[in-house]
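Single-structure report; data block below.
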Amino acid sequence: MRKSTFLYTTFLLLMLSTVAAVQPADAEDGKSESSDVQQIEVEDGKTQPVYSHKEAIRETIFIETSVDSDGDGELDRVHADIIRPKETEQGLKVPVIYEMSPYRAGLNPINFHDVDVPLNPVDHRKPAKKGKGEQGKVSLAENQAAASATAAGPAQPSFPGYYDDYFVPRGYAVVLAESLGSGLSNGCATSGGKNETLGTKAVIDWLNGRTKAYDSEGNLVKADWSTGSTGMIGISYNGTLPNAVSTTGVEGLETIVPIAAISSWYDYYRANGAVVAPGGYQGEDTDVLAQAVTTRANAEECNDVLKKLERLQDRETGDYNEYWDERNYVKDANKVEASVFAVHGLNDWNVKMKHLSQWWDALGENNVERKLWLHQSGHANPYYLGNEEWLDSLNKWFDHWLYDIDNNIMEEPMVDIQREDGNWKTYQSWPAKDANGVALYFQQEETSLDPKPMSGKNKTTATFIDNPAITARTLAENPNSEHENRLVYQTPRLDSSLRISGTPEVSIRASIDARAANLTALLVDYAPDGSFEIVTRGWMDPQNRHSISKSHSLVPGKEYKFTWGMQPDDYIFKEGHQVGVVLLASDHNYTIRPEAGTKITVDPKRSKIVLPIVGGKQTVAFSN
């Protein structure tokens, strides 16, 4: 995959082709201690590889944090490995590319929560009932399986990945640290809690002389080789921690590059009050993840912390509470001082697109300098997707924000989106500014979708029955056949292509014959040849019809209005295809799976889906 060279034609014409020597700035006086050492070189707006990676200095340190998360009476310490040009011993000052991770020591075997359990009707006037299911003893998926890790750790600093071999020769130090509770760090993991944010922040504080660090023998270590300017990067959990620490406004953090990153942990494990799983990990929750990454020595010191996580995450109701609010970084976007280069997969069902969408919007509302890449893969890093432009763009980004090099990276289009055919297009914003909500109404006749609501006064109904054993993909097949476990509504064939950009929203009028249930909606692209693709989906606990913070059990047989958002997307339906909506109850791969049999009765006349269609209603046209 590669972008069209047109994307950067204007940019390249503006750049100088000569090589310039630049003296890195000291954090205090703007000068290196020595002018005799090799300075960075800049060509075409990018630093060049002029330092030896083989001869780079490697060291291991332990940085003092401001928290005592394991309650042992001593401040937690974060283990970090550092690699920097040897010239930093001769007075060269360099900025830092920093990644924090809880995964460096591997993962523990763990037990996932059993999801084949009853749902819990919640009366807000009474305490929530506890679920009766026992935890299922299920090992991690093969691609993340690991033996029980210890804090023995590597004897020498380890630098996996591409950060060090690419950026150290270009005049950067690379810091790879272990998050609290993992590897050689102490403290306790809490799946995005405040202690992890402050533990991550401590590294930046040390780089700027605001906290202490020690070597393995207990000697004080100073970062006198650092300019203090720091850029954070990482994917998944490693990309979430930059989001978290950026909301502290810590001085010295100039930029972050969050890839497939969480912006609110509630939206990772919950959806509109429903308990949901990240794609591929049914039964995972914050306690499960924290248990998996607690690989420190004497891990039993964190047992009480892990038990507290299990209690406060409240799988019984799925409600948003103070626990989740602590792990919500979106609400603190007004404190972000760092620039943000966000990357996300449009087909990421692990860290779903809502994380990118709500974070991106909040950053824009607070005038944060930002850039966005959306690709067609799932939970992935552009580097490992073979994207030839990735390192080039990343190089320019860090050079601009950490070395203050004027390379016009911020004059490029803000948004790059990989389209369905693999090609890349640039946009000035996301979602598209001219994407307007267009309602498509459910129709009783031929179970179709139409821009006009049903006519007539007679009430109609349609029913389906929950069967959690059947996957969503199976329920989306053969849309023109009857199936008791789903409802399907489709548009006629499109007369021209249709692009959505943003968050689809479903609204139905329905009654349920139980006090608790799941509701799921799929947005499906049906092709003329019978193939189909689930474009996006969304879930809801109907007990949270009023608020995600408080459940209200259902009155069986009573009609309610249920409205919920699907995962945001940017997708083009081709000419001749049909837009489909599939309603089901439990989603086998994502939601709790209660006993089958719950009946949902829908009033199609008062039900619809609202799509964020680029160009609005006038672009919607169907073939006769």
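Worth saying up front: this structure is predicted, and the values here are computed from it rather than measured.
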Flag the pair [X] / [Y] as yes when at least one side-chain heavy-atom distance between them is below 4.5 Å, and no otherwise.
{"X": "Tyr281", "Y": "Asn350", "value": "yes"}
{"X": "Arg84", "Y": "Glu59", "value": "yes"}
{"X": "Tyr427", "Y": "Pro413", "value": "no"}
{"X": "Ile235", "Y": "Val343", "value": "no"}
{"X": "Val245", "Y": "Leu253", "value": "yes"}
{"X": "Phe341", "Y": "Ile409", "value": "no"}
{"X": "Thr295", "Y": "Leu107", "value": "no"}
{"X": "Ser179", "Y": "Val293", "value": "no"}

Exam field: side chain [X] to backbone [Y], donor-acceptor pair closer than 3.5 Å:
{"X": "Arg537", "Y": "Asp587", "value": "no"}
{"X": "Ser69", "Y": "Cys188", "value": "yes"}
{"X": "His400", "Y": "Ile405", "value": "yes"}
{"X": "Asn108", "Y": "Thr294", "value": "yes"}
{"X": "Lys201", "Y": "Glu196", "value": "no"}
{"X": "Asn208", "Y": "Arg210", "value": "no"}
{"X": "Lys222", "Y": "Ala213", "value": "no"}
{"X": "Asn321", "Y": "Leu312", "value": "yes"}
{"X": "Gln376", "Y": "Gln418", "value": "yes"}
{"X": "Gln282", "Y": "Thr591", "value": "yes"}

Going from [atom1] on [X] to [atom2] on [Y], what distance comes out if it is rounded to the nearest 0.5 angstrom?
{"X": "Ile97", "Y": "Leu394", "atom1": "CD1", "atom2": "CG", "result": "6.5 Å"}
{"X": "Ile259", "Y": "Leu356", "atom1": "CD1", "atom2": "CG", "result": "12.0 Å"}
{"X": "Asn381", "Y": "Asn387", "atom1": "CG", "atom2": "CG", "result": "10.0 Å"}
{"X": "Glu326", "Y": "Asn328", "atom1": "CD", "atom2": "CG", "result": "11.0 Å"}
{"X": "Asp215", "Y": "Leu220", "atom1": "CG", "atom2": "CG", "result": "8.5 Å"}
{"X": "Leu374", "Y": "Ser501", "atom1": "CG", "atom2": "OG", "result": "8.5 Å"}

Any Lys/Arg nitrogen of [X] or [Y] sitting under 4.0 Å from an Asp/Glu carboxylate oxygen of the other?
{"X": "Asp81", "Y": "Arg104", "result": "no"}
{"X": "Arg311", "Y": "Asp287", "result": "no"}
{"X": "Arg315", "Y": "Glu310", "result": "no"}
{"X": "Lys396", "Y": "Asp392", "result": "yes"}
{"X": "Arg296", "Y": "Glu178", "result": "no"}

Give me the ring orientation class for [X] and [Y]: parallel if the planes are under 30° apart, tilted from 30 to 60°, perpendicular past 60°.
{"X": "Trp225", "Y": "Trp206", "value": "perpendicular"}
{"X": "Tyr103", "Y": "Tyr237", "value": "perpendicular"}
{"X": "Tyr268", "Y": "Trp265", "value": "perpendicular"}
{"X": "Tyr266", "Y": "Trp324", "value": "perpendicular"}

Test side chain to side chain donor-acceptor pair (under 3.5 Å) on Tyr166 and Asn395 and set out the steps. CA-CA 9 Å; Tyr166 187 86; Asn395 193 166; 3.0 Å; yes

Among Thr426, Asp570, Leu372, side-chain contact (heavy atoms from CB on, under 4.5 Å) partner for Val415: Leu372

Identify the two heavy atoms, one from [X] and one from [Y], that lie closest to each other, and give their separation to 0.1 Å.
{"X": "Arg170", "Y": "Ile40", "result": "O-CG2, 4.0 Å"}
{"X": "Val330", "Y": "Ala362", "result": "CG1-CB, 3.8 Å"}
{"X": "Thr255", "Y": "Ser339", "result": "OG1-OG, 2.7 Å"}
{"X": "Leu309", "Y": "Ala290", "result": "CD1-CB, 3.5 Å"}
{"X": "Pro431", "Y": "Ser429", "result": "O-OG, 3.6 Å"}
{"X": "Glu369", "Y": "Met410", "result": "OE1-CE, 3.4 Å"}

All salt bridge (charged side-chain N to carboxylate O under 4.0 Å, His left out) counterparts of Lys354, not counting sequence neighbours: Asp267

Mark yes when over 12 heavy atoms from residues, nucleotides or ligands other than [X] sit less than 6.0 Å from its [atom1]; otherwise mark no.
{"X": "Lys331", "atom1": "NZ", "result": "yes"}
{"X": "Glu300", "atom1": "CD", "result": "yes"}
{"X": "Asp404", "atom1": "CG", "result": "no"}

Short side-chain donor-acceptor distance under 3.5 Å, [Y] and [X]:
{"X": "Glu99", "Y": "Tyr163", "answer": "yes"}
{"X": "Asn243", "Y": "Ser263", "answer": "no"}
{"X": "Tyr323", "Y": "Thr286", "answer": "yes"}

I'd like to know whether Asn195 forms a side chain to side chain donor-acceptor pair (under 3.5 Å) with Thr190, so could you lay out the CA-CA distance, the side-chain angles of the two residues, the decisive distance to 0.1 Å, and finally the verdict. CA-CA 8 Å; Asn195 66 308; Thr190 58; 2.5 Å; yes

Please check if the distance between the ring centroids of Tyr403 and Tyr172 is under 6.0 Å. yes

Checking Thr65 against Asp76 for the side chain to side chain donor-acceptor pair (under 3.5 Å) test, could you report, in this order, the C-alpha distance in whole Å, the side-chain angles of both residues, the deciding distance, and whether it holds? CA-CA 6 Å; Thr65 74; Asp76 299 338; 4.6 Å; no

My understanding is that only one of Tyr51, Tyr98, Phe398 makes a ring-ring contact (aromatic ring centres under 6.0 Å, His included) with Phe167; could you say which? Phe398

Among Tyr384, Trp424, Trp373, which residue satisfies the ring-ring contact (aromatic ring centres under 6.0 Å, His included) criterion with Trp390? Trp373

Establish, for the pair Arg370 and Trp359, whether the NZ or CZ atom is under 6.0 angstrom from the six-membered ring centre and no further than 45 degrees off its axis. no

Worked check of salt bridge (charged side-chain N to carboxylate O under 4.0 Å, His left out) between Arg270 and Asp285: CA-CA 9 Å; Arg270 307 287 184 267; Asp285 216 318; 3.0 Å; yes

Test log, rule side chain to side chain contact (heavy atoms under 4.5 Å, CB included), inputs Leu289 and Tyr269: CA-CA 11 Å; Leu289 180 59; Tyr269 291 118; 3.6 Å; yes

